[in-house]
Structures are given as C-alpha cells and as structure tokens.
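Take a look at the structure below.
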Amino acid sequence: MLKIHDAVDGVITAMQQRGCTEYTLKEIRWSVYTPIIRYHTDSGTDICSHKLLDELCQKQEERYLKGEISRKYYRSFVTASFRIRSYVNTGKVDFAIVKDTKVYKPGDEYQTLIDTTLSETGLSKDHQYKLSIVMRQFFCFYEKRHECIAEISDRDFIEFLPVFAKKNPHNMNCGLRALRYLIQYLNEHRLAKLTVDLKVFTPKAPPHRLIAPFTQDDISAMLSVIDNNSETPKRDAAIILLAFNSGLRCADIRNLQLHNIDWKKEEIRIVQKKTGTSLSAPLNGRTLNAIAAYILEERPKSEDSHVFLRARPPYEAIKSTSPLDYMIDKYCRLASIDKIEYRSFHSLRRAFGTELAIAEVPVTSISQMLGHRDMGADKAYLSFNNTQTSLCASDFSEVPITKGVYAFCSSIEEGGEQT
C-alpha cells in the first residue's frame with residue numbers, strides 16, 4: 001500500500017530524470033498532481049487508490065464535456081493517473097502513453113543534417129521547431145527519390161514546392177524560409193552546389209476575411225455567465241471589459257503592468273509590443289472598477305508585477321493568447337452566442353473599432369486609439385461602416401494624423417479648397 005504523496009513524488013522524480021525542466025515540474029505538480037492528492041485527502045484516505053484515480057478522471061472528463069476545462073487539461077489528468085498506476089504497480093514510471101507525434105520522420109543522416117543546419121541559424125527554439133517541420137517533410141520527399149545527400153539538386157527543391165503547397169497552402173513563407181536556410185547550409189559546407197533562387201517565388205497572399213465583431217449584446221451575454229463558470233470571474237470580466245473598451249491587443253493586455261494604470265487620470269500608458277510605440281488609452285469607470293475589483297479581491301499574492309495572472313500556480317503572467325481564445329469560446333458557448341469562424345479574443349479589439357465607427361468617430365481618432373501607424377490598417381476594423389471605410393481609401397500619406405487630417409477630409413467632401 002503506497003501513499004499517494006509518495007507515488008506522486010516517485011513520478012515527479014522520474015520526470016525530472018527524464019529531462020523535464022524545473023518550471024514544467026513545478027507547474028504540473030500544482031496544476032495536476034496536487035489536485036489528485038487533494039482528492040484522495042478529501043475522500044478520507046492518504047493511500048493511493050485506483051478507484052479514486054478513475055473517479056477523478058471521470059469528473060474531469062465531465063468538466064471538459066461541459067466546456068469548463070480544456071481537452072489538454074483533462075488529458076493531463078489521464079496521463080498523470082496512468083503514470084501513478086504504473087509506479088504503484090511496478091516501482092517504475094511507464095512513459096509509453098507519451099507518443100511521438102511527428103508525421104515526417106526522415107532517416108538519422110538527414111535528421112542530423114537538419115539539427116546542424118538549424119543550430120547555425122541563431123534562431124530561437126520556437127522558430128527552429130517550425131522550420132524543422134518543413135525540413136523533415138522535404139527530406140522525407142527526398143528519400144523517395146535519392147539514396148544519399150550527394151545526389152541533391154535544384155530540381156529537388158523546385159519539385160518539392162508544389163507538394164508542400166498542397167498540404168500547407170497558408171504556410172508558404174515559412175516553407176520557403178526553411179528551404180533557403182537549408183540551401184545556404186549545403187552550399188557553405190560544400191555538400192552540394194545549388195543555384196536555385198527561391199526569392200523568385202512569391203507566395204499568394206491569403207484571402208482577406210471579413211469577420212463580424214462582437215456586439216454590445218454579445219459582451220453583456222458573456223459577462224452574465226462568468227460568475228458561475230470560472231475560477232477567476234473577476235479577472236475574466238476585467239479582461240473582457242478592458243479589451244472591448246480600450247481596443248488593446250491581446251499581447252498588450254497580457255503584458256500590462258500594475259504601474260501602467262493611472263487611476264487618477266483614468267487611463268493606461270503602455271509601449272505596444274507589436275509596434276514599439278507609446279499609447280495612452282482612456283478607461284471608463286466600469287472597466288476601472290472591474291480591474292480594481294480583481295486586484296483587490298481576487299488577484300493572488302505574487303511578486304509578479306503583471307496585472308493579470310494565471311489562475312493556478314505559479315502565479316505569473318499569462319504566457320500566450322490561447323487561454324484567452326479558449327476563455328472567449330467557452331463564454332460564447334455558455335451564453336448561446338452563435339459560433340462564427342475565425343472570431344476570437346482579437347475580435348474584441350475589432351468590436352471596439354467598429355463601435356467607434358458606428359458612433360461616427362473620425363477615422364483618424366480611431367487610428368490613434370487603436371495604435372495603428374497608418375489609416376489603411378483600420379479598414380478591417382471599419383468594414384461594417386461604409387462611410388468610414390471610404391475615408392480609409394484616401395491617400396493621407398503626406399498629412400500627419402496629428403495635424404487635422406479629418407478637417408482636411410471634411411473640407412474636400414464639402415467642395416472647399418485644399419489648404
């Protein structure tokens with residue numbers, strides 16, 4: 001009879017020996033293994049029970065089906081339970097449930113070549129991983145044509161492009177970039193003599209999608225279902241209100257620091273991550289009150305200075321857009337808001353711009369409030385107001401926004417002289 005604490009410690013130790021980072025171990029212990037221990041304790045036992053593990057997995061599956069948690073989080077409990085069972089039964093952790101999901105698996109020679117090529121690019125691990133997928137696909141294609149790397153030629157790259165494009169029509173820029181790195185490496189190390197210039201291939205731009213923004217009724221409906229369906233209702237409400245009433249990008253909301261809020265002037269001042277430019281955004285009373293309620297009543301104690309923190313330890317900034325996209329999808333589903341393809345958390349920003357356009361706010365003012373560098377970027381946000389969109393079609397490249405462009409537009413519309 002093994003205690004659940006000891007079983008969890010055994011699994012964590014095995015994961016550490018397998019190469020998991022301290023951050024990963026800390027996160028998974030708090031988010032998955034601690035709830036498993038707590039479930040045993042709440043059930044009146046500290047002995048590891050297969051029955052309780054099954055019950056907890058069943059409960060988490062029910063939560064997933066109701067839209068309360070993500071499939072990834074639910075599956076993490078299934079994986080944890082599997083590993084605990086194997087440790088209790090054999091004294092060793094069975095990692096067989098962790099599968100190699102790579103679709104393209106070239107031979108060892110080519111994989112080594114890929115790894116060496118990427119190591120010389122100086123790119124981040126994330127970028128290297130994306131490029132490696134293309135390179136692995138290329139060498140799987142190449143292996144069917146040749147027996148060794150010495151036979152590689154320009155034709156292999158040219159004939160691979162339509163094969164890659166067929167499966168990755170919207171990822172051609174990444175594909176061409178990966179192949180250019182590969183060609184450069186092969187030439188520099190005299191493994192081949194390639195002359196093909198992939199710069200002559202220009203990927204077709206993806207179609208422009210007109211995505212309907214959220215309406216004020218949609219926002220109200222989402223806010224109405226938060227309290228009973230969230231571990232952090234005040235945080236989620238504050239994030240939605242901030243996005244809808246300020247038009248901030250998701251990255252800027254995630255990176256928002258406590259010192260960025262000026263409570264007396266009722267505004268936030270940030271440097272936008274996308275453009276690197278400063279932006280001051282006014283906040284209405286409802287949004288400020290929502291943020292204050294979260295900070296004072298719900299925000300966990302943490303040395304992290306970001307305003308919005310994760311719901312579970314470690315209490316730090318939200319790392320990516322995915323949790324917020326999932327949050328919006330969940331509340332839309334619970335509020336019976338129609339699912340529209342491609343509508344996501346970013347659509348709150350579009351809703352902000354659209355509401356301003358409907359209210360006849362000058363295009364130049366909308367551009368400044370959204371933090372755009374030029375008015376052409378506003379077309380997507382103003383697509384539901386023909387009058388405002390027509391202004392974006394004009395060429396204002398020679399007239400700075402800060403010097404009365406809208407007045408200039410108005411005088412032309414009225415037949416006045418240009419000044």
Side-chain angles (χ1 to χ4, degrees), residues 1-103 225-233 235-236 298 300-302 309-316 318-320 322-327 329-331 333-334:
M1 298 292 245
L2 192 64
K3 291 186 176 181
I4 186 63
H5 290 84
D6 295 332
V8 167
D9 288 342
V11 173
I12 295 296
T13 300
M15 292 175 66
Q16 185 178 33
Q17 294 171 349
R18 194 176 173 86
C20 288
T21 65
E22 289 300 321
Y23 174 83
T24 299
L25 295 174
K26 182 178 178 181
E27 182 178 29
I28 199 168
R29 177 186 282 276
W30 278 101
S31 63
V32 180
Y33 287 94
T34 296
I36 290 176
I37 293 173
R38 188 183 305 119
Y39 191 78
H40 279 72
T41 303
D42 293 343
S43 299
T45 181
D46 61 352
I47 302 300
C48 182
S49 166
H50 291 355
K51 179 182 178 182
L52 291 178
L53 291 174
D54 289 338
E55 287 181 4
L56 181 56
C57 288
Q58 180 64 36
K59 289 180 181 294
Q60 297 294 50
E61 182 179 17
E62 291 172 359
R63 291 182 65 198
Y64 159 63
L65 294 175
K66 291 178 181 178
E68 296 177 0
I69 60 175
S70 66
R71 183 179 186 279
K72 181 179 179 180
Y73 187 52
Y74 154 60
R75 290 294 304 174
S76 66
F77 279 90
V78 176
T79 301
S81 297
F82 177 86
R83 291 174 177 172
I84 290 173
R85 290 172 190 271
S86 66
Y87 183 78
V88 171
N89 293 336
T90 66
K92 296 182 179 180
V93 178
D94 185 356
F95 290 97
I97 196 171
V98 181
K99 300 178 181 179
D100 184 356
T101 58
K102 292 180 181 177
V103 177
V225 300
I226 290 179
D227 284 346
N228 297 325
N229 297 284
S230 174
E231 295 179 23
T232 53
R235 185 201 68 175
D236 295 356
E298 187 180 87
K301 293 181 179 180
S302 173
L309 304 181
R310 289 163 37 93
R312 299 186 181 89
Y315 295 122
E316 55 189 23
I318 301 169
K319 296 297 184 182
S320 68
S322 297
L324 300 186
D325 282 336
Y326 172 75
M327 177 184 76
D329 285 344
K330 181 180 76 170
Y331 293 139
R333 183 172 60 253
L334 294 171

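The analysis underlying the following values was restricted to heavy atoms, covering all of them including side chains, and did not include hydrogens, waters or symmetry mates. Nothing fancy with the numbering, it's 1 onward along the sequence.
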Quick one: does any side-chain atom of Asn229 pair with a main-chain N or O of Val225 as donor and acceptor, under 3.5 Å? yes

Between Glu298 (side chain) and Arg235 (backbone), is there a donor-acceptor pair under 3.5 Å? yes

In this structure, CD1 of Ile36 is separated from SG of Cys57 (nearest 0.5 Å) by 7.0 Å

> Is a salt bridge present between Lys319 and Glu27, judged by a nitrogen-to-oxygen distance below 4.0 Å?
Replying inline: no

I'd like to know if the side chain of Arg310 reaches the main chain of Pro314, judged simply by a donor and an acceptor atom lying under 3.5 Å from each other, with no hydrogens or angles considered.
yes

Beyond-backbone contact of His50 with Asn89, side-chain heavy atoms, under 4.5 angstrom: yes

Those residues at least two apart in sequence (or on a different chain) that pass ring-ring contact (aromatic ring centres under 6.0 Å, His included) with Tyr74 are Tyr64

**Report entry** Geometric cation-pi criterion, Arg63 with Tyr73: 6.0 Å, 45°
**Finding:** no

Between the NE2 atom in His5 and the SG atom in Cys48, the distance rounded to the nearest 0.5 Å is 11.5 Å

CG of Leu56 to OG of Ser49, rounded to nearest 0.5 Å, is 11.0 Å

Val93 and Gly10 have their tightest heavy-atom pair at CG2-O, 4.2 Å

(request) Assess whether side chain to side chain contact (heavy atoms under 4.5 Å, CB included) is satisfied between Glu55 and Lys51, documenting all intermediate values. (result) CA-CA 6 Å; Glu55 287 181 4; Lys51 179 182 178 182; 3.4 Å; yes

Across all chains, not counting sequence neighbours, the ring-ring contact (aromatic ring centres under 6.0 Å, His included) partners of Tyr33 are none

- Yes or no on side chain to side chain contact (heavy atoms under 4.5 Å, CB included) for Arg29 and Thr34, after CA distance, side-chain angles and deciding distance? CA-CA 6 Å; Arg29 177 186 282 276; Thr34 296; 4.0 Å; yes

Is there a donor-acceptor pair closer than 3.5 Å between any side-chain N or O of Ser81 and the backbone N or O of Val78? no

Tell me if a side-chain donor or acceptor on Ser43 pairs with a main-chain N or O of Thr45 at a distance below 3.5 Å. no

request  = Applying side chain to side chain contact (heavy atoms under 4.5 Å, CB included), run through Met15 and Ile28 and close with a yes or a no.
outcome  = CA-CA 11 Å; Met15 292 175 66; Ile28 199 168; 4.2 Å; yes

Heavy atoms of Lys301 and Tyr315 approach each other most closely as O-CD1, 4.4 Å

When every non-hydrogen atom of Tyr326 is compared with those of Glu68, the smallest separation belongs to OH-C, 3.5 Å

Heavy-atom closest pair (Pro35 atom, Ser31 atom, distance to 0.1 Å) is CG-O, 3.4 Å

In this structure, NZ of Lys3 is separated from CD1 of Ile47 (nearest 0.5 Å) by 6.5 Å

Glu231 and Ile69: CA distance, side-chain angles, deciding distance, side chain to side chain contact (heavy atoms under 4.5 Å, CB included) verdict
CA-CA 11 Å; Glu231 295 179 23; Ile69 60 175; 5.6 Å; no

To the nearest 0.5 Å, atom CG of Leu324 lies from atom CG of Asp329 at 11.0 Å

In this structure, CD1 of Ile84 is separated from CG of Leu52 (nearest 0.5 Å) by 11.0 Å

CZ/Arg71: more than 12 non-hydrogen atoms of other groups inside 6.0 Å: no

